[in-house]
Amino acid sequence: MSELAKAYEPQSVEEKWYAQWESAGCFRGVLPEGAASAASGGATSSDTGATAGCPHSIVIPPPNVTGVLHMGHILNNTIQDILTRRARQQGKAAIWVPGTDHAGIATQTRVEKKLRKEGKTKWDLGREGFIEEAKKWRDEHGGIILKQLRKLGASCDWDRTVHTLDEDYSRAVLAAFVELYQKGHIYRGKRMVNWCPKSLTALSDEEVIMKPQKGFLFKMKYEIAERPGEFVEISTTRPETLMGDTAVAINPNDERYKHLHGLHVIRPFPEAKIPFVLDEHVDMEFGTGVLKVTPAHDRADFEIGQRHNLEVIDILTPDGKVNCPAVEDLHGKDRFEARKLAAIKLEEMGLLVEREKYENNVGFSERADVPIEPRLSDQWWMKYPKIEEAKEVVRDGRIKFYPERWSKTYLHWLENIQDWCISRQLWWGHRIPVWYKKGLDRNELTDADLKDPSKVHVSVNGPADPDNWEQEDDVLDTWASSWLWPFGVFGWAADGDESKKAKALAELEFWYPTQALATGPDIIFFWVARMIMAGLEFMDEVPFKNVIFNGIIRDAQGRKMSKSLGNSPDPLDLIEKFGADGLRLGMLMIAPKGADILFSEDRVQLGRNFCNKLWNACRFRLMQEGEPGATTEAPAQRGSLETITARLESAKFDADDHAILAKLLQALSDYEASFESYEFNRTTDTLYNFFWNDFCDWYVEVSKSKADSEELRGNCLAIQDLCLRSVIQMLHPITPFITEELWSTFGYGDGFIHETKIPTSDELKAALAGVGVTLDQAAIVEVEKLQDFVNQARGLKAQYSLAAKNDVTFFLVADEADRVVVDSHKEKLRKLSKAGAIENRDDVQNMPAAVSQLGTIYLDLAGSVDVEAEIAKIEKELAGLDKAIKGTEAQLSNEKFVSNAPAEVIEARKETLANNKAKAEELRKLKAGLGG
RNA sequence: GGACGGUUAGCUCAGUUGGCUAGAGCGCCUCGUUUACACCGAGGAUGUCACAGGUUCGAGUCCUGUACCGUCUACCA
């Protein structure tokens, strides 16, 4: 017999098992023999999933290669691991593909920062040198996060780790670009983009986050050119751009300014005559109703400019400094500095009317955290492919969102989708596979030029005569690589020898589409929607069948986790303190379906405590076995389902035995349902209640009464084994380490726990029936009565501060039927209520009492009863009861209820009423007996 | 401005097609080391289910409106 430590100690257990799993190749996703041809049969139902060899694939949302694990990752990856481990237990071919993202802007920024510290810039190194430096940096600092995931127990197929800049993956990225280019989905064009003056690159709309900013709304006045001395007032938050103004706009319907139509104003500096233009876009209600138009530096203004053929004057440098030599005192100044100076300048000229405090929303670069600058520039754009299909697959349920409501957000975005700016002025990334003939001026390329293969070459491998060409400098948006992830990781667009291509094809055929994607709702647009479009475009099939949105982790006060607040615990510390299993379970228990999750450490304690409880229940199981006369099988023989069920002796089953197994079946079935709907909080709830309340608090306690009986012990231990084995199996996906340890300790299977198929509730039921055990559902009711009896008895004792005393005597006044029940369970009732004796009586006077479902229990106090307290207690209970009785009676006498409500509801109501009435009557008798 | 979500015990949240005297965990109070577990056990207190209407035999659950909170979205300078 093994001896277990008194408390569960996760550290050594976790290390031991993870190493064993890895070296045994447990996580490897291997194509079953002949899998590709089987999968192409098409009809394999992976949703029912019971078929052996049936594929269950998940691809990780690739974290930034240089990132570190935070609480959000913990939740997200725990979910993926649970799904993968469960799939293995179901006998499916399961795979979880890990990988990392090169994170273009983030990584480049960090490498540049490092260079700056060394007094260098990227220009000193040149493009090639810089990329080498970045790779070095990536390889040094990168991949930490994947190591950390191992600590969590993540069962990824590490041999397949993919990085978005890997050769094969890069090839896929370029191939996708080329294909879309050829189909006419990609074009180059001069447009307004979100320009990041810090990273010096364009950004997609999704990378811009709006933040409220405190500033000023300046009211200034421009003189009407045709009417000297007459002015119009204009409100602006950005006076520093007025050098770029090429018009002022008013709404054509604005009566106040009709007299100005066709006139001009004087722009103060550099002084120029600029026209009034009439544009519906101008909001008459806002400010003075006059809008300065700066086509080069504002999106809306740009559009107005287009409509009215206005000149575009760019007065900012790419890094956000004023570029306007004509205004000496502003030239070269930073945009924010220039804003102040421009206001002062206006004031000096007597043109500043007012300056009021003002808060407005300003777009910030998500990565660099500086205000973006709308800027006209040449960029590459993508018209998204398969937009309509992408909507359709979510509407018709080919892809299901959990919770479902996120599909609204998704659809809304697709309705209003804009072309995607996919070029970035960076070096770290996939360089756009476009080559221009040497000598061409790229700024002057016409649409016709772009389509002329003698001038512009687009291919994965580049032109045959590279010396005559120059490659595009821009790289692709990182998301324009990760949107291919669900098939890119399996070698899509593989190049090389035939066997490599064939392997990729077979892999894709088997693993694609993936089963589920677990991610945060914050990247629905960035990633989820784009992957769906890419999947439909390149694979002609959705990339995943289910999308599980996990909530955003916040701290206990509901604030976002952030480095600056210091409210983000290091997951590794938590693992150190509470164990990976505890952390996983704790996260899952508090993870409601897709809402925000408020995290605090005591949640993880819950998980840890649960593990310890499981540990001790198992420990107790082993201790029981050590008693004389116990079964003496060696551990390896204790365990298989067949061995255990063979030890059951159905003839010896009492109500508790029936009830615990019936509840076990119910728990298993609830557990299965919770996985179907990805309601993991339900999963943990089910396990927690069954294991802690039903099994530990009741059945194990009941077992203690049977321990002395050689006749009953064997069957009782077999039932404990069945429950423990099942709980361990059910828990395994959630808490893999402790369950593996216990699995091997008990010898419940021959190998690793996941190698043994978990029986379904139906299979378990059948296995029981196979050995003659059919469960009596009525036993559950009987056990509930026993529990009520014990609760009432304990309550009585506690009321008189005798909870700890174990030699009190209870007198029971009950009818014949209840007496029989009590008598047949008397020993355990006595033990559980910690009584010296339970004696039957026909009548008892002057003792505190409680009315249980098995009769009225009196506590023998040898006459010293606190009458007033007793009466108060009874009255309180009666009040609640009477309220309920009245309600039910009213309902039952309501003819409409009786004729409309379903029969079972009415029956249940009648039964409740009868029970309540009986109890109330009993209580009244008691009260009368006390003189109340 | 639009869309979506939330409002249930001191705290965090369950509550699945309307059908219990509305639940759990934590926290709090009392008691306790009895054949696992103090990371535990026993007992206890605690609710106008945000508010106002409506539908229904019956509403925490459905409908309408209001208030507050949150998230996403939007070119009001």
Side-chain angles (χ1 to χ4, degrees), chain A residues 4 6-8 192 210 217 234-238 249 281-283 285-287 290-294 298-304 360-361 363 374 403 405-406 408-409 412-413 416 521-522 524-525 552 556 558 578 582 589-590 592 594-598 600 602-603 605-606 608-624 627 673 677 679 681-682 685 688-689 696-697 700-701 703-704 707-708 791 794-799 801-804 806 831 834 879-885 887-888 890-891 894-902 904-906 908-909 912 916:
Chain A
L4 298 186
K6 194 170 176 192
Y8 174 54
M192 280 309 253
M210 303 305 285
L217 185 62
I234 305 174
S235 294
T236 182
T237 53
R238 301 200 63 185
H281 168 261
V282 179
D283 179 357
E285 309 291 318
F286 188 88
V290 184
L291 171 69
K292 76 194 244 327
V293 182
T294 323
D298 184 282
R299 251 178 216 235
D301 289 8
F302 178 75
E303 280 162 28
I304 294 173
N360 66 334
N361 280 325
R405 69 188 149 83
W406 289 111
K408 284 182 190 157
T409 308
H412 182 259
W413 183 72
N416 301 290
D522 48 332
I524 290 185
F525 314 137
I552 308 292
F578 300 108
M589 285 198 290
I590 60 162
D596 284 349
I597 296 162
L598 303 195
S600 81
D602 46 334
R603 324 284 171 146
Q605 271 187 42
L606 283 182
R608 188 265 319 255
N609 294 355
F610 185 86
C611 290
N612 192 54
K613 185 78 179 174
L614 175 67
W615 184 259
N616 274 290
C618 289
R619 186 164 155 257
F620 182 61
R621 166 65 190 85
L622 291 180
M623 288 167 75
Q624 285 170 280
E627 312 222 340
S677 51
E679 291 174 285
N681 52 340
R682 252 182 73 194
D685 217 44
Y688 196 97
N689 285 329
C696 291
D697 287 350
V700 170
E701 292 307 317
S703 300
K704 288 176 183 172
D708 301 332
N791 287 340
R794 283 171 174 172
L796 260 183
K797 286 173 68 184
Q799 195 191 344
S801 304
L802 298 171
N806 54 14
K831 273 205 169 176
K834 281 199 206 107
L881 220 44
D882 282 339
K883 188 182 154 203
I885 290 170
T888 319
Q891 223 172 9
N894 183 333
E895 217 164 290
K896 285 181 175 169
F897 171 72
V898 180
S899 54
N900 288 327
E904 63 268 27
V905 172
I906 296 172
R909 238 14 105 75
T912 309
N916 285 342

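The analysis underlying the following values was restricted to heavy atoms, covering all of them including side chains, and did not include hydrogens, waters or symmetry mates. Within every chain, numbering begins at 1; the chains are lettered A, B, ... in the order of the sequence lines, protein sequences first and strands thereafter.
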Qualifying residues under ring-ring contact (aromatic ring centres under 6.0 Å, His included), relative to A:Phe525, sequence neighbours excluded = A:Trp413
Dot-bracket for RNA chain B, 5' to 3', with Watson-Crick and G-U pairs under 3.5 Å, [ ] for crossing pairs and | for other-strand pairs: what is it?
-> (((((((..((((.....[...)))).(((((.......))))).....(((((..]....))))))))))))....
Determine yes or no for a side-chain-to-main-chain donor-acceptor pair under 3.5 angstrom, with A:Asn612 supplying the side chain and A:Arg608 the backbone.
-> no
Any donor-acceptor pair under 3.5 Å between the side chain of A:Arg405 and the base of B:C4?
-> no
Between CZ on residue A:Arg619 and NZ on residue A:Lys6, distance to nearest 0.5 Å = 6.5 Å
Do any N or O atoms from the side chain of A:Asn900 and from the backbone of A:Lys896 form a donor-acceptor pair under 3.5 angstrom?
-> yes
In whole angstroms, the gap separating P of B:U30 from CD of A:Gln799 amounts to 18 Å
Counting side-chain heavy atoms from CB outward, which of B:A36, B:U35, B:G43 is closest to A:Asn616?
-> B:A36
With a 4.0 Å cut-off on heavy atoms, is A:Asp697 in touch with a base, just the backbone sugar-phosphate, or nothing at all?
-> sugar-phosphate
Rounded to the nearest angstrom, tell me the gap between atom CG in A:Leu606 and atom P in B:C13.
-> 14 Å
note: A:Ile597, atom CD1; B:G25, atom P; distance rounded to Å ~ 21 Å
Without swapping roles, check the side chain of A:Lys797 against the backbone of A:Lys834 for a donor-acceptor pair under 3.5 Å.
-> yes
Spacing of A:Trp615 atom CH2 relative to B:C39 atom C1', expressed in whole Å | 14 Å
Integer-rounded Å distance: B:U35 C1' and A:Lys6 NZ | 13 Å
Whole-Å distance separating the CD atom of A:Gln605 from the P atom of B:A38 | 15 Å
Between A:Asn609 (CG) and B:A38 (P), how many Å, whole number?
-> 11 Å
Same-atom distance (P) from B:G47 to B:G10, integer angstrom = 8 Å
Give a yes or no on whether a donor-acceptor pair under 3.5 Å exists between the nucleobase atoms of B:C4, that is its base, and the side chain of A:Lys408.
-> no
Treat primed atoms plus P, OP1 and OP2 as sugar-phosphate and everything else as base, then score nucleotides 69-77 of chain B 5' to 3': B for base contact with protein heavy atoms under 4.0 Å, S for sugar-phosphate contact only, - for none.
-> --S-SBBBB
Letter per nucleotide, 5' to 3', of nucleotides 16-21 of chain B [B base touched, S only sugar-phosphate touched, - untouched; heavy atoms, 4.0 Å] | B--BSB
State whether the side chain of A:Asn689 and the backbone N or O of A:Asp685 hold a donor-acceptor pair below 3.5 Å, judged by distance alone.
-> yes
Within 45° of the six-membered ring axis of A:Phe620 and under 6.0 Å from that ring's centre, is NZ or CZ of A:Lys704 located there?
-> yes
Any donor-acceptor pair under 3.5 Å between the side chain of A:Lys704 and the base of B:A36?
-> yes
Nearest-0.5 Å distance that lies between atom NZ in A:Lys292 and atom OG in A:Ser235 = 11.5 Å
Rounded to the nearest 0.5 Å, how far apart are CD1 of A:Ile552 and CG of A:Asp522?
-> 4.0 Å
Option passing ring-ring contact (aromatic ring centres under 6.0 Å, His included) with A:Phe610 (candidates A:Tyr8, A:Tyr688, A:Phe578) | A:Tyr688
When the distance from OH of A:Tyr688 to C1' of B:C37 is rounded to whole Å, what number comes out?
-> 13 Å
A:Lys896 side-chain N/O to B:U56 phosphate OP1/OP2 under 4.0 Å | no
At under 4.0 Å between heavy atoms, what does A:Cys611 touch on the DNA or RNA strands: base, sugar-phosphate, or nothing?
-> nothing
Any side-chain N or O of A:Lys613 less than 4.0 Å from the OP1 or OP2 oxygen of B:G41?
-> yes
With sequence neighbours excluded, tell me which residues meet salt bridge (charged side-chain N to carboxylate O under 4.0 Å, His left out) with A:Asp882.
-> A:Arg924
Partners of A:Ser677 by side-chain hydrogen bond (donor to acceptor under 3.5 Å, both in side chains), sequence neighbours excluded?
-> A:Glu679
